[in-house]
Amino acid sequence: MSIDYVTSASFYSRDKNQVRLISTSITIVIAKVLLLLLFISNSQAEQLSFSKKKIEQGYSFHYQWLDFNSEIQSMNFTLSNEGLFERFRDFKSYQKNYAQKSIFRAIKKKLRRKPIPGVQILYKKDNDHFYIEARGIDKNKVAKAYQTIAEIEQEVTEQYLSESYYQAFTDHLQNSGMKVNHGNIANNSVADLKPLKPLILDRVSIRNIRKVTNYVLGFVQSIPYSKLESRLTSSGAGFNTPLQLLWENQGDCDSKMTLTAALLRALMPRIKMALIFVDDHAFIGINIPAKAGELTINHDGINYVLGEPTGPATLPLGVLAPTSELAINQGHYTVQTYHEIIVEQ
């Protein structure tokens, strides 16, 4: 930033009190800037150490970080080989052409197993587009055949997306595409994260949802951040599943949000949560009573207190980064509920 020095005669002819007022105003502004910089520098999440080591059951992990109160926290836990390397082995980048081929083959397989009486089914391809044609003398039977085909297409599409961990998504600007099914991945990660539950509850009481959530937020915020690829155009590139994030010790905001949701679900199986998406960012909502001044949203009649898992700012539950708060206030966000109840074994 540069400062322009005014040297015209008119400046020096001003009243001395006005000069003092200008000087005082500049001093106040500088003081505010310094205080803001001091606050920012003192509120960054800091990971003090990270290590992992192969053991018989899988890998042992060591994490150490500074929490909201600048107190040292640490966790040592073991994650299984199955959870680390097998759980999401089928999760990969979404490829539209491959998905269309897979869905087309599944429809074809179902129709061959159970043919539609009174019609002839033709399977066609035009460049990269697949389509099915029904022919017959009876128009009613042809119309019913198309209805049956549409129902089968919806069924196999939902199954394909579920098995590949993707879902259709429309953002607040009505842009549509396919994104990672973060809730599904979080749900399927809960069992693998159970080793962390007694460690966390040994430090904070399960009866205090706010303390549990803040502990998890502080832990996840301290993990190094990697830049988020476009949610709708990246085809899942750059996204780390919860255990992969812990393995690599880094993750973008969507990955960190998913890890946070999975950890909170493992700790509190019945808590209602929301996954909130804004442009190039994501955070969570917890259905608990809000305190004065905390940032909340209401979705489908349920209130959620909002939390930032990304870091590096160490923000407690109810406080968001300025850009996130602006997006909420302007209504520039999309909400997906995460209310699945995990039955504890």
Side-chain angles (χ1 to χ4, degrees), residues 45-47 49-54 58-65 75 77-95 161-167 169 177-196 200 216-267 273 275-284 307-313 324 336 338 340:
E46 183 179 355
Q47 186 180 85
S49 64
F50 163 77
S51 63
K52 59 189 177 188
K53 180 181 180 181
K54 183 173 177 54
Y59 281 81
S60 65
F61 290 76
H62 168 76
Y63 277 89
Q64 190 177 68
W65 71 98
M75 276 201 294
F77 52 87
T78 299
L79 298 177
S80 68
N81 288 322
E82 181 182 4
L84 287 167
F85 309 120
E86 299 294 328
R87 184 71 63 226
F88 296 101
R89 185 172 55 180
D90 294 332
F91 174 71
K92 57 193 69 175
S93 296
Y94 182 82
Q95 299 178 25
L161 291 176
S162 177
E163 291 175 353
S164 58
Y165 301 102
Y166 283 89
Q167 65 182 161
F169 178 75
M178 291 292 173
K179 77 165 184 62
V180 174
N181 190 331
H182 303 92
N184 193 6
I185 287 181
N187 229 33
N188 282 278
S189 302
V190 169
D192 296 318
L193 292 169
K194 283 294 179 70
L196 281 71
I200 295 174
V216 171
L217 284 174
F219 167 59
V220 178
Q221 287 167 359
S222 72
I223 297 173
Y225 170 75
S226 58
K227 186 179 179 181
L228 174 70
E229 300 288 339
S230 172
R231 189 172 292 120
L232 289 177
T233 62
S234 67
S235 301
F239 177 81
N240 280 342
T241 58
L243 268 66
Q244 183 183 9
L245 190 157
L246 295 173
W247 173 266
E248 295 186 2
N249 190 39
Q250 67 171 2
D252 61 23
C253 52
D254 280 19
S255 305
K256 286 191 164 194
M257 174 199 65
T258 307
L259 171 61
T260 302
L263 280 170
L264 292 177
R265 176 63 73 232
L267 290 160
M273 288 183 275
L275 311 179
I276 297 100
F277 302 92
V278 300
D279 293 339
D280 302 323
H281 197 48
F283 37 92
I284 62 167
E308 285 265 17
T310 302
S324 299
Q336 290 187 333
Y338 180 46
E340 287 86 348

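Remember, predicted model here, so these are calculated numbers, not experimental data. Keep in mind that the numbers below use all heavy atoms, side chains included, and drop hydrogens, waters and symmetry copies.
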Atom of [X], atom of [Y] and distance for their closest heavy-atom approach:
| X | Y | result |
| --- | --- | --- |
| Ser189 | Ala262 | CB-CB, 4.2 Å |
| Gly251 | Asn240 | CA-ND2, 4.4 Å |
| Leu193 | Pro242 | CD1-CB, 4.4 Å |
| Val216 | Leu264 | CG2-CD2, 3.9 Å |
| Phe88 | Ile185 | CZ-O, 3.5 Å |
| Lys194 | Ala266 | CE-O, 4.0 Å |

Rounded to the nearest 0.5 Å, what's the gap from [atom1] on [X] to [atom2] on [Y]? Could you check?
| X | Y | atom1 | atom2 | result |
| --- | --- | --- | --- | --- |
| Ser255 | Glu248 | OG | CD | 9.0 Å |
| Leu263 | Leu267 | CG | CG | 6.5 Å |
| Phe85 | Ser80 | CZ | OG | 9.5 Å |
| Tyr165 | Lys92 | OH | NZ | 12.0 Å |
| Asp254 | Phe283 | CG | CZ | 11.5 Å |
| Cys253 | Asp280 | SG | CG | 7.5 Å |

Got a donor-acceptor contact below 3.5 angstrom from the [X] side chain to the [Y] backbone?
| X | Y | value |
| --- | --- | --- |
| Arg265 | Thr260 | no |
| Gln221 | Glu308 | yes |
| Asn188 | Asn184 | yes |
| Ser226 | Gln250 | no |
| Ser222 | Gln47 | no |
| Tyr166 | Tyr94 | yes |

Are [X] and [Y] packed together at the side-chain level, in the sense that at least one heavy-atom pair is separated by less than 4.5 angstrom?
| X | Y | answer |
| --- | --- | --- |
| Thr258 | Leu245 | no |
| Ser164 | Asp90 | no |
| Phe169 | Gln336 | yes |
| Met257 | Leu275 | yes |
| Phe219 | Leu217 | no |
| His281 | Thr310 | yes |
| Ile284 | Pro309 | yes |
| Glu82 | Asp192 | no |

Next on the checklist: Before you tell me yes or no, could you show the steps for Leu259 and Thr241 under side-chain contact (heavy atoms from CB on, under 4.5 Å), namely the whole-Å CA-CA distance, both residues' side-chain angles and the distance that decides it to 0.1 Å?
Outcome noted: CA-CA 7 Å; Leu259 171 61; Thr241 58; over 6 Å; no

Checklist entry - Parallel, tilted or perpendicular: which describes the rings of Phe50 and Tyr63, with under 30° parallel and over 60° perpendicular? => result tilted

Checklist entry - Any chance the rings of Trp247 and Tyr59 have centres within less than 6.0 Å? => result yes

Next on the checklist: Quick check: His182 with Phe277 (ring centres under 6.0 Å apart)?
Outcome noted: yes

Next on the checklist: Show, in sequence, the C-alpha distance, side-chain angles and deciding distance for Ile223 and Asn249, and conclude whether the side-chain contact (heavy atoms from CB on, under 4.5 Å) test is met.
Outcome noted: CA-CA 6 Å; Ile223 297 173; Asn249 190 39; 3.7 Å; yes

Checklist entry - Is the NZ or CZ atom of Lys52 positioned over Phe61's six-membered ring, under 6.0 angstrom from the centre and within 45° of the axis? => result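 Geometry flag: not set, cation outside 6.0 Å or 45°.
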
